[in-house]
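The model shown is predicted, which means the values in this text are computed figures rather than measured ones.
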Amino acid sequence: MVFPFMTFKRYFLVGSNPAETKYRVLKIDRTEPKDLVIIDDKHVYTQQEVRELLGRLDLGNRTKMGQKGSSGLSRAVSAFGIVGFVQFLEGYYIVLITKRRKMADIGGHAIYKIEDTNMIYIPNDSVRVSHPDEASYSYDLSHSLQYNLTILRMPLETLKTETTQTRQESFDIFEDEGLSTQGGSGVFGICSKPYEKYVWNAKLLEAVRTAVHRDWLLYIIHGFCGQSKLLIYGRPIYVTLIARRSSKFAGTRFLKRGSNCEGDVANEVETEQILYDASVMSFSAGSYSSYVQVRGSVPLYWSQDISTMMPKPPITLDQADPYAHVAALHFDQMLQRFGSPIIILNLVKEREKRKHERILSEELVAAVTYLNQFLPPEHAIIYIPWDMAKYTKSKLCNVLDRLNVIAESVVKKTGFFVNRPDSYCSILRPDEKWNELGGCVVSTGRLQTGVLRTNCVDCLDRTNTAQFMVGKCALAYQLYSLGLIDKPNLQFDTDAVRLFEELYEDHGDTLSLQYGGSQLVHRVKTYRKIAPWTQHSKDIMQTLSRYYSNAFSDADRQDSINLFLGVFKPAEGKPHLWELPTDFYLHHKNTLSLSQTRPSYTYWWTTGVLKYLPLPFDEVTCAENRRKLTVKKFHKYEEEIDIHNEFFRPYELSSFDETFCLAMTNSTRDFMPKNVGIDPSPFTVRKPDETGKSVLGNKNNREETVLQRKTAASAPPPPSEEAVSSSSEDDSGTDKEDEGAVSQRSTPVKVTDTGDNTKITENVVQSTKDVYGVNLSDIPSEDDLAIYARFVQLGQSQHKQDKGSQQFFSKRPLDKVINLSLNFVSCTASCLPFCAGEVRKP
């Protein structure tokens, strides 16, 4: 956590690591009305040193300034991290995270959703001039899992050659202190620069990036993060879905269409599905797999005029682009990040009475045809047109069957990432589909080469269903690669696919709200034609909500996005944000100045990209990519790389009710039938009346009760209205890890309370004797009771000691100022290898 302490002249930001053993302090000057002056003393404090420092500051400012209050040092707000610094006409503001919720765990690294922020004005009143995300403290969310784990496998010789230069350029003189005298106890770690296209607070951190230690920098992405647990006969497999929304050319539905002059498209989202065995968290020893796909607007100069208040405004091509310059810039970015092949799945309508969506298809085909004539044939862009709306209206065609065929061909071309070699069971039972799989096979596993890019007009409803089908196909290959299923194939109406479908629906709803202003209108069940009749009324309401949002509120939302991302910077003498007739020139830099370099019409890709294809240029070992990495030397027992203490937190008291892994959506608890105990496998096809969801709705024949955990008796009562309102105040940061179930739809499961079901449950759940070989004793032994009594005494002694220290400080006005439960916001994007402990001995 970060705690800002305030005096008349300065802000002091105090933070600690999770173990509360190391502290850092930032000093921010409050006497400058316009400039941001930040001082980082580069010193790592102990707990006692922080106490003494704050005590001296309190005493000195109270006597010097003669303030009315009893304390010269006061605490402004409790926070979990710094979003950044933003400048308006009256000076700089600091944006702090005051409320968070845990959303996922990847290899022991927690990912949080930012639920509330607080903006504090920095200058004091004497010099004042009158005039809403996912984040992780130790995992780089701006890069894919494949990139994060690939850089960890760089040759050790490269690390040693880079260490000397990095140490000379280091701005923290205490970082390498004492490592040279430890002999062979030093280990190397790598951190990389974040991919700024998906970082939303990059502009807010721009003013302090070079002035403060990197532990203060918290890089934030905007999009979606969801995680569910797939239990395979008790083996926990975590399925994670992460969506990274691009911060370039970002905006709302009708106000941001097509592409800007730099090749950045509207509504561009990179979706990554990560599958790993949660029983082993280590990135080096565990089993991890991922698959990435992209959605985005058609990369052309086009827009829609919403001034006519029509449900479907006409599509207009704003500029002629005969040499596909914008499309070339866009696909060049994709070749660098994903490699080849780039596969385009175009879902817009092909046949229309009045030419509307077909305008985009014709222009996109012309652009791809032009660009492909200069690429080598083996790396050409693959274009797949498919009129999904036409197939949906046809009674003879099954939309999802056709999408499944497309998905199989796509996954076979691109492959997927897995950090382990093929399982021995795959060699014993070879599969024809597995042998045809593409990608790149290396000694340590497989790499995904290339990516699928899906688009319709809005990139919302049709695109989400198509991405779900491709993700479902990739999920089957991922499970097969980890040795969890015997064939790379998953059927509908299984617990695993239902869990995955719910994740994708949450994913689609969130992205649709961000861009379109409403949830999804057409879902997977709509295209399967099994949606209930009540769904039609919901679709109508979502359509009306989307129309209202686009017509009345999107303009204000667009202004907010432009301000947050730094696209618009307020300045004296210039028009205000709400006075601008359009933001076109803000997103198209070529309207303000002409480029000095003229792009090539034939060699439209970046130099060096073709040399490494099909591998992505960003992941190969070359001099240019090595400059993006920083190598740091650690002691092997350094807390910063101890993932065990970071994840399990042995220094904190925790309970099962507050454990995130128990609160997340669970395939056995939330999807497996409670009245059918024949096969508990999540890959067994269930009948509609046998699913866990159908049990919830069956109220005619059974008397329903709520299944609760045994620990529910110890759960706290629901908060009152006063408690809820007080939790949002500025002086209290709230960590809502125990509410992860709310966002994951893990509602209590209702089952029948009959004797038959009790017998079935006993058959499904194995006893402790069968699993572990021993039975838990009913009464603890005398030795265990003696050990327990000893720990109780230790706890009471510690409580007396803490109470005595509180009485000591209560005599001074600094009682509420010094809080020893400060937690430091550790490094985000640059600290994946550091905090993961995936470092290698020299």
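- In this view, S287 and R420 satisfy the side chain to side chain donor-acceptor pair (under 3.5 Å) rule, not counting sequence neighbours.
- One finds the CG atom of D461 at 11.5 Å from the CG atom of L347 (value rounded to the nearest 0.5 Å).
- Note that OG1 of T465 is 11.0 Å distant from CG of L460, once rounded to the nearest 0.5 Å.
- Just one of W200, F564, Y198 meets the ring-ring contact (aromatic ring centres under 6.0 Å, His included) condition when paired with H222; it is W200.
- In terms of heavy atoms, S247 sits closest to L565 at O-CD1, 3.4 Å.
- Between the side chains of H507 and T271, a donor-acceptor pair is found at a separation under 3.5 Å.
- Applying the salt bridge (charged side-chain N to carboxylate O under 4.0 Å, His left out) test to K390 and every residue at least two apart in sequence or in another chain returns nothing.
- Taking CG of L475 as the reference point, atom CG of L241 lies at 10.5 Å (rounded to 0.5 Å).
- Between D387 and K393 there is no salt bridge, since none of the side-chain N atoms of the basic residue sits less than 4.0 Å from a carboxylate O of the acidic one.
- R244 is linked by a salt bridge (charged side-chain N to carboxylate O under 4.0 Å, His left out) to E270, E272, counting only residues two or more places apart in sequence or in another chain.
- Relative orientation of the F468 and Y504 rings is perpendicular, given thresholds of 30° and 60° on the angle between their planes.
- Rounded to the nearest 0.5 angstrom, K472 NZ and Q273 CD are separated by 11.5 Å.
- For the atom pair R462 CZ and T392 OG1, the distance stands at 8.5 Å (nearest 0.5 Å).
- Both the sub-6.0 Å distance and the 45° axial angle are satisfied by R100 relative to the ring of Y112.
- Remark: K256 is not positioned above the aromatic ring of Y515, lacking an NZ or CZ atom under 6.0 angstrom from the ring centre and at most 45 degrees off the axis.
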request  = Begin from the C-alpha positions of L145 and I242 and carry the test side-chain contact (heavy atoms from CB on, under 4.5 Å) through to its verdict.
outcome  = CA-CA 10 Å; L145 179 71; I242 299 175; over 6 Å; no
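- Considering all non-hydrogen atoms of both residues, V199 and P194 come closest at CG2-CB, 3.9 Å.
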Chi angles and distances behind the side-chain contact (heavy atoms from CB on, under 4.5 Å) call for I82, L218 = CA-CA 6 Å; I82 302 173; L218 182 65; 5.9 Å; no
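- Listed by chain and number, the residues in a side chain to side chain donor-acceptor pair (under 3.5 Å) with S279 are D277 (sequence neighbours excluded).
- Classification of the F416-Y477 ring pair by plane angle, with boundaries at 30° and 60°, yields tilted.
- Of the listed residues (K248, K197, R245, R295), just one forms a salt bridge (Lys or Arg N to Asp or Glu O under 4.0 Å) with E268, and that residue is K197.
- When side chains are defined from C-beta on, L231 does not count as touching P682, because their heavy atoms never get closer than 4.5 Å.
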inquiry  = Determine whether R257 and D458 satisfy the following criterion, salt bridge (Lys or Arg N to Asp or Glu O under 4.0 Å), listing intermediate values before the conclusion.
reply    = CA-CA 9 Å; R257 294 293 210 187; D458 296 327; 2.6 Å; yes
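- S297 pairs by the side chain to side chain donor-acceptor pair (under 3.5 Å) definition with nothing, not counting sequence neighbours.
- For the 3.5 Å distance criterion, the side chains of R523 and N464 fail to qualify, holding no donor opposite an acceptor.
- For H109 and F283, the ring centers are positioned less than 6.0 Å apart.
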request  = List the steps and the verdict of side chain to side chain donor-acceptor pair (under 3.5 Å) for N404 and E408.
outcome  = CA-CA 6 Å; N404 190 60; E408 285 284 351; 4.9 Å; no
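- Annotation: the span from I342 atom CD1 to T414 atom OG1 amounts to 10.0 Å, rounded to 0.5 Å.
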inquiry  = Pair L141, I111 - check side-chain contact (heavy atoms from CB on, under 4.5 Å), show working.
reply    = CA-CA 9 Å; L141 286 172; I111 299 175; 3.6 Å; yes
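- When the side chain to side chain donor-acceptor pair (under 3.5 Å) test is applied to T240, the partners found at least two apart in sequence or on another chain are Q227.
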